Each structure stands twice: as structure tokens, then as C-alpha cells.
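Nothing here was measured: the structure is a model prediction, and the numbers come from that model.
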Amino acid sequence: MKKVLVVEDDPSIRWLLKHLLRDRHEIIIKNNGLEAFSWLSVRNIPDLIISDIKMPFMDGFEFLENLSTSSLYKNIPVIMLTGFIETETVKRCLELGAYSCLAKPFNPNELFDQIASVFVSKMFL
């Protein structure tokens, strides 16, 4: 099973992601970027990260910046989730190294397609 790190401060979105993905993937849940980076810092390497943007302590942009500057983590694909899907938000996410950015509420099939696309593209790296 592929390991997916979910970084989300909203309990209902965490619950939804866990229940949508648990049959296909091993799910690790962290409440914000700081918790996630702490988990990563002890050499935990997920196959994919799904992260919210607006979170306390370390938001999704700062989390992406920290990932992109680390030789250990910069190649982990990240799908960003946001309640405010604007052109500038998507552009910034992609510039910081995100694989994609989805609006909340998201269509589960669109998320499944993005995840499948990540894993297919990783096969050809």
C-alpha cells in the first residue's frame, strides 16, 4: 500500500479523506504543517502528501517551501487543497512545487484521478 500523508486542520475534511482513501492507501494524518514536518523530520517518507493551505502554526505555503528546500523531501508529490481557488493561489502552489491544487469541497473522483496520476507519473521517473 502507498503511504499518504494528509495535512489538514479541519476535522471533517480529515475524516472524509481518511475514509475515502483508507481502503487503497496507508493514511497518516497530521493537523498542520508543523506537525507534518516534525513527522517527516524523523525520516518518514510518504509516497504522496495531501495538504490544506490555510492552517495554523505552519500554513500550506510555508510547508511547501520547507519541502522544496529539502533534498530529502522535495521529490514527494503534493496535492494542495484550498477553500479559495484563485489563479494566484494555484500559481503559487505550482511554483512552490505542488503537483496540483484542488478546490474544497472537492469531487472524490477528481481526487482519485489526481492520486492515480501522481502514482503513474512516479513510475516513469
Side-chain angles (χ1 to χ4, degrees):
M1 265 192 184
K2 301 280 188 190
K3 189 181 299 186
V4 177
L5 172 61
V6 172
V7 188
E8 172 64 62
D9 64 319
D10 183 322
S12 61
I13 301 293
R14 284 195 310 261
W15 181 90
L16 177 63
L17 287 166
K18 179 180 178 180
H19 286 81
L20 285 172
L21 303 174
R22 69 181 177 188
D23 290 339
R24 303 174 191 191
H25 308 287
E26 177 186 346
I27 307 301
I28 297 89
I29 306 258
K30 298 298 172 190
N31 296 319
N32 57 60
L34 190 59
E35 281 185 19
F37 211 79
S38 177
W39 180 83
L40 288 166
S41 70
V42 292
R43 301 215 178 236
N44 290 305
I45 309 291
D47 297 292
L48 170 67
I49 298 170
I50 300 173
S51 178
D52 188 17
I53 292 176
K54 190 174 181 182
M55 300 178 288
F57 307 112
M58 181 189 292
D59 70 18
F61 293 127
E62 189 177 354
F63 182 59
L64 273 174
E65 287 173 7
N66 283 318
L67 291 173
S68 68
T69 59
S70 166
S71 60
L72 194 58
Y73 310 124
K74 69 181 178 183
N75 293 322
I76 301 170
V78 181
I79 297 173
M80 299 300 292
L81 301 176
T82 181
F84 307 100
I85 195 82
E86 299 170 349
T87 303
E88 286 303 312
T89 300
V90 173
K91 182 179 175 188
R92 186 168 179 204
C93 286
L94 297 176
E95 286 172 349
L96 290 171
Y99 182 84
S100 65
C101 187
L102 297 176
K104 292 190 287 187
F106 55 86
N107 177 328
N109 289 324
E110 186 177 1
L111 179 62
F112 295 150
D113 289 346
Q114 288 293 312
I115 292 170
S117 178
V118 164
F119 292 141
V120 166
S121 67
K122 282 183 79 170
M123 288 182 353
F124 297 105
L125 292 179

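Qualifying salt bridge (Lys or Arg N to Asp or Glu O under 4.0 Å) partners for K54, counting only residues two or more places apart in sequence or in other chains: none.
With rounding to the nearest 0.5 Å, the separation of SG in C101 from CZ in F106 is 12.5 Å. Note: L17 CG to R22 CZ = 12.5 Å, rounded to the nearest 0.5 Å. Atoms NZ and CG, from K74 and L67 in turn, are 12.0 Å apart once rounded to the nearest 0.5 Å. Once rounded to the nearest 0.5 Å, the distance linking CD1 of I115 with CD1 of I50 reads 4.0 Å. For the atom pair K30 NZ and D9 CG, the distance stands at 15.0 Å (nearest 0.5 Å). Atoms CD1 and CG, from I45 and L40 in turn, are 6.5 Å apart once rounded to the nearest 0.5 Å.
Each of L81, L16, L48, I29 was scored for a side chain to side chain contact (heavy atoms under 4.5 Å, CB included) with V6, with one residue passing: I29.
The shortest non-hydrogen separation linking M1 to R24 is CG-O, 3.9 Å. Annotation for I53 and D59: closest pair O-CB, 3.2 Å, computed over non-hydrogen atoms. Of all the heavy atoms in N31 and M55, the pair that sits closest is O-SD, 4.2 Å. Between P46 and N44, the closest heavy-atom pair is CD-O, 3.7 Å. Nearest heavy-atom pair, F63 versus S51, reported as atom, atom and distance to 0.1 Å: CD2-OG, 4.0 Å.
A distance-only check finds a donor-acceptor pair linking the side chain of S68 to the backbone of E65 [under 3.5 Å]. Remark: side-chain polar atoms of E62 are not paired, donor with acceptor, to backbone N or O of M58 under 3.5 angstrom.
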List the atom pairs, with distances to 0.1 Å, where a side-chain N or O of residues 88-99 and a protein N or O form a donor-acceptor pair under 3.5 Å, not counting sequence neighbours.
residue	atom	partner	partner atom	Å
Y99	OH	S117	OG	2.4

Open item on the list: Test side-chain contact (heavy atoms from CB on, under 4.5 Å) on I79 and V118; report intermediate values, then the result.
Closed with: CA-CA 9 Å; I79 297 173; V118 164; 4.2 Å; yes

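Listed by first and then second residue, the ring pair (Phe, Tyr, Trp, His ring centres under 6.0 Å) pairs involving residues 7-41 are W15-H19, H25-F119, F37-Y73 (not counting sequence neighbours).
Within 6.0 Å of CZ on F112 lie more than 12 heavy atoms contributed by other residues, nucleotides or ligands.
In this structure, D52 and I13 have side chains that are not in contact, with every pair of non-hydrogen atoms separated by 4.5 Å or more.
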